[in-house]
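To start, the structure itself, in structure tokens.
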Amino acid sequence: MPRYAYANGRFRPHNQASVHIEDRGYQFADGVYEVVPVHKGQVVDEEPHLDRLARSLGELRIDMPMSRHALKLVSHELIRRNALTNGFIYMQVTRGVAPRDHKFPKAKPRPALTMTTRQLPAKSDAQVDSGFAVITAPDQRWKRCDIKSISLLPNILAKQQAAEAGCDEAWLIDADGNVTEGAATNAWIVTDDKKVITRQADASILPGITRLSLTQVMARAGYELEIRPFSQQEAMNATEAFLTSSTNFVMPVTRIDGQPVGNGHPGILTMQLRQTYIDEVVTGGRGAAPGDVYRSMAV
Ligand code: PDD
């Protein structure tokens, strides 16, 4: 257990930090969050994560709870107090505390900021070598998946379905039979002719920060990238597949619905991308710049 959490404007012992019973996040999931990776005590891609937080809040007309500078100070202090080396900072901002009523409160409450950290072991070579097994499941989410909302019921149900099938992730399928993204990750495939494909960052997916930085890494290294939807069938027939997220970086997908992807082992290109991403962004600090989230989005 981490030692401290941040809530109600203070650092508190983790097991004593709490939120008000009428917090609109608790009652309505009226809030947003960020999961910001930490590697060797350093925050990875901090600016684009804070950009995305600001954007999610803006879309819901919730004010930033404090300045960007203050958010950094608080999160860095939490890393220090919890002696966090590898893992993530979880930041959540809700519209605040008000008597239960669906519409926005007339007297604007103060947005409620909470922060926790979680230590995670780095993925072992064995985990990466076996890759992730995914299932496919219908995408039952709302039409604003670009907002990193704390309302995650469809994601939770899909992830649970994957876990019950002995798998690591669920790839969500839209009404046209295309993969949107994973329950908590972005989805990618590699074709026979070595083209890397991932869906466009519109309202149907979360614009992943790992996705964004990886596209930039790929552009610098001269990889060919096609941004377009791909179907469930294309994914099943792909030579390689992988997923991206702040907690997995670039992770090979080796099985889809029980069928091996390619030869059932992590793809060569996938492993190159994983290594390059780790070298450049995670340890090298060459991630996305402030403003890149906005520039990368179609909505
Ligand atoms: N999940 N898509 C969804 C639906 C996600 O929830 C996430 C992140 C991603 C990847 O985004 P990023 O690269 O910025 O982590 C894509 C986080 C890690 C979570 O909810 O735990």
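Remember, it's 1-based here, ligands and their atoms both numbered in the order they're listed. All residue numbers in this chain count up from 1 along the given sequence.
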Specify side chain, backbone, both or neither for C145, according to which of its non-hydrogen atoms lie closer than 4.0 Å to ligand 1.
neither
Atom 13 (O) of ligand 1: which protein heavy atom is closest, and how many Å away?
T210 OG1, 2.6 Å
Counting only heavy atoms not in F28, do more than 12 fall under 6.0 Å of its CZ?
yes
Output yes when the distance from some N or O of ligand 1 to some N or O of T247 is under 3.5 Å, and no in every other case.
no
Say whether R52, considering both its backbone and side-chain N or O atoms, lies within less than 3.5 Å of an N or O atom on ligand 1.
yes
Any idea how Y277 and F249 line up, ring-wise: parallel (<30°), tilted (30 to 60°), or perpendicular (>60°)?
tilted
Please check if the number of heavy atoms outside K194 that lie under 6.0 Å from its NZ is greater than 12.
no
Salt bridge K72-E47, side-chain N to carboxylate O under 4.0 Å
yes
Nearest-contact summary for atom 1 (N) of ligand 1 - protein heavy atom, Å:
A184 O, 3.2 Å
Name the option, out of A187, A183, P48, that contains the heavy atom nearest to atom 4 (C) of ligand 1.
A183
Decide whether an N or O pair under 3.5 Å exists between S246 and ligand 1.
yes
Under the side-chain hydrogen bond (donor to acceptor under 3.5 Å, both in side chains) criterion, do T117 and N82 qualify, and how do the steps go?
CA-CA 8 Å; T117 64; N82 289 338; 2.9 Å; yes
Considering only heavy atoms of N186, which atoms of ligand 1 have at least one such atom less than 4.0 Å away?
10 (C), 16 (C)
State, with a plain yes or no, whether a side-chain heavy atom of R228 is found less than 4.5 Å away from one of R199.
no
Quick one: does L206 get an N or O within less than 3.5 Å of an N or O on ligand 1?
no
Counting only nitrogen or oxygen atoms and a 3.5 angstrom limit, does E181 reach ligand 1?
yes
Between R81 and Y4, is NZ or CZ placed under 6.0 angstrom from the six-membered ring centre and within 45° of the ring axis?
yes
Counting heavy atoms only, which part of V35 comes closer than 4.0 Å to ligand 1: side chain, backbone, both or neither?
side chain
Determine, using heavy atoms of Y33 and all atoms of ligand 1, whether some pair is separated by less than 4.0 Å.
yes
Pair F11 + Y6: ring centers closer than 6.0 Å
yes
Tell me, do L269 and V196 make a side-chain contact under 4.5 Å, heavy atoms counted?
yes
For G208, the ligand 1 atoms with a heavy-atom partner under 4.0 Å come out as 11 (O), 12 (P), 13 (O), 14 (O)
Step through the shown structure and confirm whether more than 12 heavy atoms of other residues, nucleotides or ligands are within 6.0 Å of CG on L157.
yes
Below 4.0 Å, non-hydrogen atoms only: which portion of T185 touches ligand 1? Side chain, backbone, both or neither.
backbone
Could you check whether any heavy atom of K148 sits closer than 4.0 Å to an atom of ligand 1, since that is the contact criterion I want to use?
yes
